[in-house]
K.L.:
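First the structure, which I've put down as structure tokens, then a few questions once you've had a look.
Throughout, numbering of the chain's residues begins at 1 and tracks the sequence.
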Amino acid sequence: MKYVLVTGGVVSGLGKGVTASSIGLILKACGLRVTSIKIGIFLVLILPWIQSSLPFFLIREQNAVCIFYYHKFDWLAEWPTSSGSLDYLRFYLNGNGFVEEKGDPYLNTDAGTMSPFEHGEVFVLDDGGEVDLDLGNYERFLDIKLTRDNNITTGKIYQSVIEKERRGDYLGKTVQVVPHITDAIQEWIERVAKIPVDGKEGPADVCVIELGGTIGDIESMPFIEALGQFSYRVGHGNFCLVHVSLVPILHVVGEPKTKPTQHSVRQLRGLGLTPNLLACRSSKELDDNVKAKLAQFCHVPLSNILTLHDVPNIWHIPLLLKDQKAHEAILKALNLLGVAAEPNLKEWTARTKIYDRCDETVRIAMVGKYTGLSDAYLSVLKALLHASVARNRKLNVDWVPAGDLEEATYKEDPEAYKAAWNLLKGADGVLVPGGFGDRGVQGKILAAKYAREHSVPFLGICLGMQIAVIEYARSVLGLHDATSTEFNPETKTPCVIFMPEGSKTHMGATMRLGSRRTYFEVADSKSAKLYGNVSFIDERHRHRYEVNPDMVAQLETAGLSFVGKDETGRRMEIVELPSHPFYIGVQFHPEFKSRPGKPSPLFSGLIAAASEPRKKVPNGYSKLATCNRHSPKLKAHQSVKGFKAPNGSLNGVYTNGNSVYVDGSC
């Protein structure tokens, strides 16, 4: 087994995730089988977002301690629902930029119980693992299916060591960080690297490991020590280290500064790890003189100094690495030059060019409560992007805070209310994603009602499907108190109920998780046709509540059609409104299996329907008011024209007023 380790230096958020994914893609294009591991240091969590002037492929890291500043953060978790405040600290880099930081000491075994405000989305795997969103990047880039063990966390390692100690496995020895924690890390890596993830038998040829955080973080020290031992253990020719570092171009002097990278590499070497390649993040391409200086002071061959500069969209990154012959340097370090072929990226290149040529836009209104942090809906954005590119459309996402659609906002902040409704009415399609808690529920119900009554293409995911059912029960059946027991446990008309097998005392890993089978009940339904008229599908789930099976007959009599159910026939999986051009709700999360070149069928259907000509609803309002397209900014999580949203360009999402343009990231 060969190993490629990707580390980061100077600051967090430099793009280790995309760099690791791109390296894996190039190696796969060389004919090698590739797997990935993400090491997340969930111990003392500092959550920064870093933005430069045009950082088209920066990736947020979830666990780095930014060495430049300390920021007191007053935050209260969204789950259970509560409120909090965000204080912002500006950090100027290349003339403009932004750093947001959050700190709380805790230890997690997985991402399942972490708030989207704190961690972004929880990515769900086939085996039910609730993992870091970077594993979604790996799956999308490499088209593989990872396992929960591919996400290593501090919590998992310490838990496994403590369990061994309790069993007496250490035979009375004093359990220490070295050697017991470090040995556990190495054993975990070796074990997981052998798990096939590409549908073939036998282990992969290369395992790409991303070490979360920044070199120098105290939380990552056991992992760095373990990886230093691991590199010696596997031997020369089986281990390659790619260090991603920042080479800032200061606005005042206008020239690249190599000193931060020099210090980062010196610190890395002092910890027992020597980089084979340097991947230098900068706003523009570095010239040969700068590379020569880095080579001289960092002791890395000049040919192994890579520039990862700003590009039009993220799909260019693997091509950028290929053009600089990064694959040759990595293959040489791994003694694979005579084994691997030249990388074949024709399909990837063609798809990238298609996206670059997209000019006709499609606007999708994303109605949710985490609209100030697009990473909370990262996979949904990616799935929309995949479908849009396949349709030769440029995707624009209008963030609509669900609460701003509600009557309470009309009374408190009419301008925000008008702006939200303006965005909703101006969209070509409406998407209500998953979520938890009752905040913004009434706004989501109003959005579903608007889409249903005005023939606007609508897709509801997980909670979004439940919202569609509740709205239909209220508006069509006249059951005005219909709701979910999640929002009102005492309701007399429970359209949505808590699943019998769920736990009400423990949140972590107690939901209905992972890949589950859905059987189509109606062969000629829109969903069945989108999936190619198969009899069943396997999609990933993450929910505690379900449509009340006792109300299904009443709802179907009124016109709804539950076209997909589980194997028992009592759990509703897909609902459609046959009389509507495109009105679909699904209990599962189709976004988790969408891939570039292989978009999710349901997202393809939404984009196709949204791309059809449709008579727009005129502006002007009575109680559901809208104003012109240049209304004041939305009340919740405001954005500023020309300024990137809290996640900025993370994975290629850019804001412009209240609308975002999504680039070609995976």
K.L.:
Say whether, by atom type as modelled, one donor and one acceptor occur between the side chain of E591 and the main chain of K382 under 3.5 angstrom.
P.N.:
no
K.L.:
Tell me every residue that passes side chain to side chain donor-acceptor pair (under 3.5 Å) with N344, counting only those two or more places apart in sequence or in another chain.
P.N.:
none
K.L.:
What's the verdict on salt bridge (Lys or Arg N to Asp or Glu O under 4.0 Å) for E130 and R542, showing C-alpha distance, side-chain angles and the deciding distance?
P.N.:
CA-CA 9 Å; E130 298 172 288; R542 185 175 186 254; 2.8 Å; yes
K.L.:
How long is the straight-line distance from CD1 of I189 back to CD of Q186, given to the nearest 0.5 Å?
P.N.:
7.5 Å
K.L.:
Kindly indicate whether the side chain of T261, heavy atoms from C-beta on, has any atom under 4.5 Å from the side chain of F297.
P.N.:
no
K.L.:
May I ask you to decide if the ring planes of H386 and W315 are parallel, tilted or perpendicular, using 30° and 60° as cut-offs?
P.N.:
parallel
K.L.:
Could you walk me through whether S379 and E121 satisfy the side chain to side chain donor-acceptor pair (under 3.5 Å) test, starting with their C-alpha distance in whole Å, then the side-chain angles of each, then the deciding distance to 0.1 Å, before giving a yes or no?
P.N.:
CA-CA 8 Å; S379 290; E121 77 168 3; 2.5 Å; yes
K.L.:
Please name the pair of heavy atoms, one in S231 and one in L273, separated by the smallest distance, quoted to 0.1 Å.
P.N.:
OG-CD2, 4.3 Å
K.L.:
Do L5 and L211 have side-chain heavy atoms sitting under 4.5 Å apart?
P.N.:
yes
K.L.:
Applying the salt bridge (Lys or Arg N to Asp or Glu O under 4.0 Å) test to E139, which of R540, K593, K38 qualifies?
P.N.:
R540
K.L.:
For I249 versus G254, what's the shortest heavy-atom pair and its separation?
P.N.:
CG2-C, 3.8 Å
K.L.:
Could you give the distance from CD (Q262) to OG (S245), rounded to the nearest 0.5 Å?
P.N.:
10.0 Å
K.L.:
Apply side chain to side chain contact (heavy atoms under 4.5 Å, CB included) to I162 and list each qualifying residue two or more places apart in sequence or on a separate chain.
P.N.:
R166
K.L.:
For G202 and R33, work out which heavy atoms get closest and say how close.
P.N.:
O-NH2, 2.8 Å
K.L.:
Tell me, please, which residues at least two apart from H243 pass ring pair (Phe, Tyr, Trp, His ring centres under 6.0 Å).
P.N.:
none
K.L.:
Go through the steps to decide whether L306 and L277 satisfy the test side chain to side chain contact (heavy atoms under 4.5 Å, CB included), and finish with yes or no.
P.N.:
CA-CA 7 Å; L306 311 174; L277 291 86; 3.8 Å; yes
K.L.:
Examine F141 together with W348 and report whether their ring centres are nearer than 6.0 Å.
P.N.:
yes
K.L.:
Apply side chain to side chain contact (heavy atoms under 4.5 Å, CB included) to V131 and V122, showing your working.
P.N.:
CA-CA 6 Å; V131 297; V122 176; over 6 Å; no
K.L.:
Please name all residues satisfying side chain to side chain contact (heavy atoms under 4.5 Å, CB included) with E347, sequence neighbours left out, ordered by chain then number.
P.N.:
R351
K.L.:
Within this structure, what is the CG-OG1 distance for the pair L320 and T307, rounded to the nearest 0.5 Å?
P.N.:
7.5 Å
K.L.:
Under a 4.5 Å cut-off applied to non-hydrogen side-chain atoms, are P260 and P248 in contact?
P.N.:
yes
K.L.:
Could you check whether any side-chain heavy atom of K156 comes within less than 4.5 Å of a side-chain heavy atom of T153, counting everything from C-beta outward?
P.N.:
yes
K.L.:
Checking N150 side chain against T147 main chain: does a donor-acceptor pair fall under 3.5 Å?
P.N.:
yes
K.L.:
With sequence neighbours left out, write down each residue that passes salt bridge (charged side-chain N to carboxylate O under 4.0 Å, His left out) with D143, or none if nothing qualifies.
P.N.:
R595, K598
K.L.:
Just by distance, no angles: are the side chains of N238 and K2 close enough, under 3.5 Å, to form a donor-acceptor pair?
P.N.:
yes
K.L.:
State, with a plain yes or no, whether a side-chain heavy atom of V34 is found less than 4.5 Å away from one of V197.
P.N.:
no
K.L.:
Check for a donor-acceptor pair, side chain of T352 on one end and backbone N or O of H316 on the other, with a separation under 3.5 Å.
P.N.:
no
K.L.:
Does D127 use its side chain to pair, donor to acceptor, with the backbone of R148 at less than 3.5 Å?
P.N.:
yes
K.L.:
Below 4.0 angstrom, N of the basic side chain to O of the carboxylate: do R516 and E539 qualify?
P.N.:
no
K.L.:
Decide yes or no for I215 and L271: does some side-chain heavy atom of the first lie under 4.5 Å from some side-chain heavy atom of the second?
P.N.:
yes
K.L.:
What pair of heavy atoms forms the shortest contact from P318 to I26, and how long is it?
P.N.:
O-CD1, 3.4 Å
K.L.:
Please report the closest heavy-atom contact between L286 and K291, naming both atoms and the distance.
P.N.:
O-CE, 3.9 Å
K.L.:
Tell me whether D149 is salt-bridged to R191, with the criterion being a basic N under 4.0 Å from an acidic carboxylate O.
P.N.:
yes
K.L.:
Side chain to side chain contact (heavy atoms under 4.5 Å, CB included) between W188 and I157: does it pass, once the steps are laid out?
P.N.:
CA-CA 8 Å; W188 194 299; I157 295 297; 3.8 Å; yes
K.L.:
Taking atom OG of S22 and atom CG of L308, what is their separation to the nearest 0.5 Å?
P.N.:
8.5 Å
K.L.:
Do I152 and F223 come close enough that some side-chain heavy atom pair is under 4.5 Å?
P.N.:
yes
K.L.:
Report yes if some heavy atom in the side chain of L146 is under 4.5 Å from a heavy atom in the side chain of T35; otherwise report no.
P.N.:
yes
K.L.:
Of all residues at least two apart in sequence or in a different chain, which pass the ring pair (Phe, Tyr, Trp, His ring centres under 6.0 Å) check with Y377?
P.N.:
none
K.L.:
Step by step, work out the salt bridge (Lys or Arg N to Asp or Glu O under 4.0 Å) result for R281 and D310.
P.N.:
CA-CA 8 Å; R281 271 295 292 127; D310 297 343; 3.2 Å; yes
K.L.:
Do S21 and R140 have side-chain atoms, one donor and one acceptor, less than 3.5 Å apart?
P.N.:
no
K.L.:
Check whether N304 reaches the backbone of N276 with its side chain - one donor and one acceptor, N or O, closer than 3.5 Å.
P.N.:
yes
K.L.:
For residues 223-234, pull every pair meeting salt bridge (charged side-chain N to carboxylate O under 4.0 Å, His left out), keeping only residues two or more places apart or in separate chains.
P.N.:
E190-R233
K.L.:
Between Y3 and V206, does a side chain to side chain contact (heavy atoms under 4.5 Å, CB included) hold up when you go through it step by step?
P.N.:
CA-CA 6 Å; Y3 299 90; V206 181; over 6 Å; no
K.L.:
Are there over 12 heavy-atom neighbours, none belonging to D288, within less than 6.0 Å of that residue's CG?
P.N.:
no
K.L.:
Check for a donor-acceptor pair, side chain of D217 on one end and backbone N or O of S220 on the other, with a separation under 3.5 Å.
P.N.:
no
K.L.:
For P222 and I185, work out which heavy atoms get closest and say how close.
P.N.:
O-CD1, 3.8 Å
K.L.:
Suppose we screen for side chain to side chain contact (heavy atoms under 4.5 Å, CB included). Which residues come up paired with Y232, at least two apart in sequence or across chains?
P.N.:
none
K.L.:
Checking K145 now: which residues fulfil salt bridge (charged side-chain N to carboxylate O under 4.0 Å, His left out) with it, not counting sequence neighbours?
P.N.:
D126
K.L.:
Test of understanding: with side chain to side chain donor-acceptor pair (under 3.5 Å), list the residues that count as partners of S600, not counting sequence neighbours.
P.N.:
none
K.L.:
With sequence neighbours left out, what residues match K194 under salt bridge (charged side-chain N to carboxylate O under 4.0 Å, His left out)?
P.N.:
none
K.L.:
Sequence neighbours left out, what pairs pass salt bridge (charged side-chain N to carboxylate O under 4.0 Å, His left out) with at least one residue falling in residues 256-274?
P.N.:
E255-K257
K.L.:
Using only heavy-atom distances, determine whether the side chains of S36 and E210 contain a donor-acceptor pair under 3.5 Å.
P.N.:
no
